[in-house]
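Below is one structure, written out as structure tokens; comments come after it.
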Amino acid sequence: MEDELIDILMTFGFPVCRQGSISKNEDYPESFFTFWNNDSVDHAHYDNAERGTEWDFDVNFYSVDPEKTYSVLADARQRLKHRGWIISGKGYDVASDEVTHTGRGMNVFYLQM
Amino acid sequence: MGKNSLKLETHAFDELLEKLDGLEANLIPIVEDALSQAAETITEDTKEAMAKGNLPAKGEFSHGDTEKSINRDTAVKWNGMQAEVNVGFDFEKPGAGGYLITGTPRMKPNSKLKKIYKSKRYMKQIEQDMTDIFHDAIEDYMGG
């Protein structure tokens with residue numbers, strides 16, 4: 001499901017990378033997504049076999065444009081929901097290493113059967 | 001962002017609480033015991049997650065502010081029939097560590113804090129521990 005999440009986020013045309021993967025010596029892109037896989041839990045068990053997986057990711061968007069920080073994350077939320085991802089709430093502020101950028105994040109789930 | 005409050009999810013424990021009520025148990029100390037123990041577990045696990053070895057750069061740049069912002073008051077507060085207790089970081093204090101849970105583009109999330117504050121599995125175990133306390137109370141009241 002990580003590949004699918006990345007594919008969906010890449011449709012926005014911004015870089016997508018794993019949270020924590022930008023090195024100290026590397027500049028932030030002007031606007032970009034990050035993600036992190038929090039967990040992947042078995043949905044249910046029958047006859048000693050798992051049935052389905054619940055995927056849990058964080059998706060964050062950072063930008064030099066504060067308006068974009070809100071609007072692109074909101075659009076990403078809609079695009080993911082249309083593809084069956086489950087997202088509650090409209091996001092929260094996330095810390096940025098750079099004073100030039102603001103960030104917003106959301107928690108997204110997918111039930112893979 | 002305010003304090004993280006652990007709130008007793010009465011819906012999950014309704015059946016057990018009704019049984020105890022039916023046995024004429026005094027629910028308040030039982031609920032407070034379950035909630036306090038859960039809060040102490042979460043607080044101790046949070047403090048362990050904040051040990052220097054678990055921080056970015058093994059805590060080399062840590063000033064201790066985030067560790068000081070861990071809420072240590074595990075007293076249960078009642079709001080009508082709803083009981084709650086504060087756990088986690090007090091975001092009203094400087095240095096509170098929300099960024100350690102979410103990470104930043106240059107810093108991976110703290111996996112131990114993630115497990116505590118974002119993992120369903122961890123909270124399920126906390127809820128199971130609380131359920132066990134209610135079951136023990138039921139047995140006591142039934143003379144078991």
Side-chain angles (χ1 to χ4, degrees), chain A residues 14-44 50 53-64 69 73 86 88-89 91-111, chain B residues 1-5 7 9 11 42 45-46 49-50 53-63 65-67 69-70 88-128:
Chain A
F14 300 112
V16 180
C17 61
R18 195 177 302 276
Q19 186 76 320
S21 65
I22 296 184
S23 70
K24 274 189 287 196
N25 305 321
E26 205 179 331
D27 290 335
Y28 267 25
E30 197 171 276
S31 301
F32 63 104
F33 283 101
T34 66
F35 67 90
W36 184 264
N37 177 213
N38 294 310
D39 211 346
S40 54
V41 195
D42 293 340
H43 175 59
E50 69 276 5
T53 306
E54 297 173 16
W55 292 89
D56 176 350
F57 287 89
D58 288 342
V59 171
N60 309 299
F61 186 75
Y62 299 84
S63 180
V64 296
T69 302
L73 194 77
I86 301 161
S88 63
Y92 43 81
D93 288 342
V94 287
S96 166
D97 307 281
E98 300 295 337
V99 295
T100 50
H101 288 64
T102 55
R104 288 212 28 102
M106 58 187 177
N107 202 201
V108 306
F109 297 90
Y110 194 92
L111 177 56
Chain B
M1 190 186 284
K3 294 179 181 178
N4 287 313
S5 286
K7 290 183 184 175
E9 296 286 336
H11 175 74
I42 292 171
D45 287 345
T46 300
M50 294 300 301
N54 296 321
L55 295 177
K58 303 292 181 197
E60 183 184 338
F61 304 107
S62 167
H63 300 289
D65 289 343
T66 303
E67 204 273 344
S69 73
I70 296 171
F89 297 102
D90 182 352
F91 289 103
E92 290 166 15
K93 289 186 178 164
Y99 69 94
L100 290 173
I101 300 171
T102 60
T104 68
R106 291 210 172 92
M107 185 186 78
K108 287 185 253 197
N110 179 306
S111 58
K112 289 182 185 281
L113 289 176
K114 267 283 187 194
K115 187 189 87 165
I116 297 165
Y117 293 101
K118 293 282 186 177
S119 162
K120 274 185 181 180
R121 275 190 266 213
Y122 181 87
M123 283 315 297
K124 271 191 182 160
Q125 184 57 55
I126 294 288
E127 284 170 7
Q128 183 58 54

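All values below were derived from every heavy atom in this structure, side-chain atoms included, with hydrogens, water molecules and symmetry-related copies excluded. Residue numbers start from 1 in every chain, and the chains themselves are labelled A, B, ... in the order their sequence lines are given, proteins ahead of strands.
Between A/Tyr92 and B/Thr102 there is a side-chain heavy-atom pair separated by less than 4.5 Å.
With a 4.5 angstrom heavy-atom cutoff, A/Glu54 touches chain B only via side-chain atoms. Both the backbone and the side chain of A/Tyr28 have a heavy atom closer than 4.5 Å to some heavy atom of chain B.
Nearest heavy-atom pair, B/Thr104 versus A/Ala95, reported as atom, atom and distance to 0.1 Å: CG2-O, 3.8 Å.
Summarising the geometry, atom CG belonging to A/Asn38 is positioned 11.5 Å from atom CZ belonging to B/Arg121; distances are rounded to the nearest 0.5 Å. The distance from the OH atom of B/Tyr122 to the CG atom of A/Asp39 is 14.5 Å, given to the nearest 0.5 Å. A distance of 14.0 Å separates NZ in B/Lys108 from OG1 in A/Thr34, rounded to the nearest 0.5 Å.
Remark: B/Gln125 CD is packed, more than 12 non-hydrogen atoms of other residues, nucleotides or ligands lying under 6.0 Å away.
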Applying side chain to side chain contact (heavy atoms under 4.5 Å, CB included) to B/Arg106 and A/Glu98, what does each step give before you reach the verdict?
CA-CA 10 Å; B/Arg106 291 210 172 92; A/Glu98 300 295 337; 2.4 Å; yes
